[in-house]
Amino acid sequence: MAETGKLRRAETSSGAIEYILERKKVKNINLHVRRDCTVYVSAPRYVPVREIECFIAEKSRYILQAQEYYRSRAEAVPRPVYTDGAAVKLLGRDMELKVIQSDRQQVTSDDERIYIMLKDAADTERIERLYSQWLAKRCSEELTAITQEVWQDFQPLGIHLPALKIRTMKARWGSCHYGKGMIVLNRRLIEAPPRCIAHVVAHELCHFIYPNHSADFYALLDRMSPDWRSAKTELERLVILR
Ligand SMILES: [Zn+2]
């Protein structure tokens, strides 16, 4: 998601608040706190920074409360432990890990389970490594296939099939590097249902036409991915980034 803003600091009576400022064609100063606790502000070009920081100071209580909420939410979700019987998510499905002692080292899956076969079923480090490798490959295959499928609708707009990079990101689902003809998708999207992944891909592909989040951008996104709002809500409910 295009990011052109700069990180700044506003001094308020509740302490310094760091925020990202983006100048945009908007009517008012808009402020929101993101899931990763960053404070994002958009404002018209003609509004001086002093006025923006007054606005932030007025909202400081709300900002601190929202940051506290997101922090506690992220902490409430335990880090996954990959042992026999562990619950994991794959493409929106709840799956169970099965660790099986076997002379043949292999990872396979069906609709409900992911089978990790290895010599020493107590070797948690190796289990985690085997699972991660399998998941990375699966992630690459699935995200590539979904990107190609979504791109079919964008091809008539003159957009080339972008190069795809998959990364672990703490605060964003994807980003578009339109100058390089490349999109980056968050590795953790593999946990989400395909329709949620498709929404992220459509969002990034729209950036090849409109690099910013302008009204034109959202008009195009509405046309290309009409139910993107519900897909986004579902994605944020199911997969909590950290
Ligand atoms: Zn974006």
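Every number for a ligand or one of its atoms is a count from 1 in the order of the listing. Just so it is clear, the structure is predicted and the values come from calculations on it, not from any experiment.
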Colleague: For the residue pair H199 and H203, categorise the inter-ring angle as parallel (less than 30°), tilted (30 to 60°) or perpendicular (more than 60°).
Modeller: perpendicular
Colleague: Kindly give the atom name of the N, O or S atom of H203 closest to the Zn ion (ligand 1).
Modeller: NE2
Colleague: Of all N/O/S atoms in H213, which lies nearest to the Zn ion (ligand 1)?
Modeller: NE2
Colleague: Of all N, O or S atoms in H207, identify the one at the shortest distance from the Zn ion (ligand 1).
Modeller: NE2
Colleague: Examine the side chains of Q106 and Y115 and answer whether a donor and an acceptor come within less than 3.5 Å of each other.
Modeller: no
Colleague: Please determine if R195 and D227 form a salt bridge, counting it only when a charged side-chain N lies under 4.0 Å from a carboxylate O.
Modeller: yes
Colleague: For the rings on Y131 and Y82, is their centre-to-centre separation under 6.0 Å?
Modeller: yes
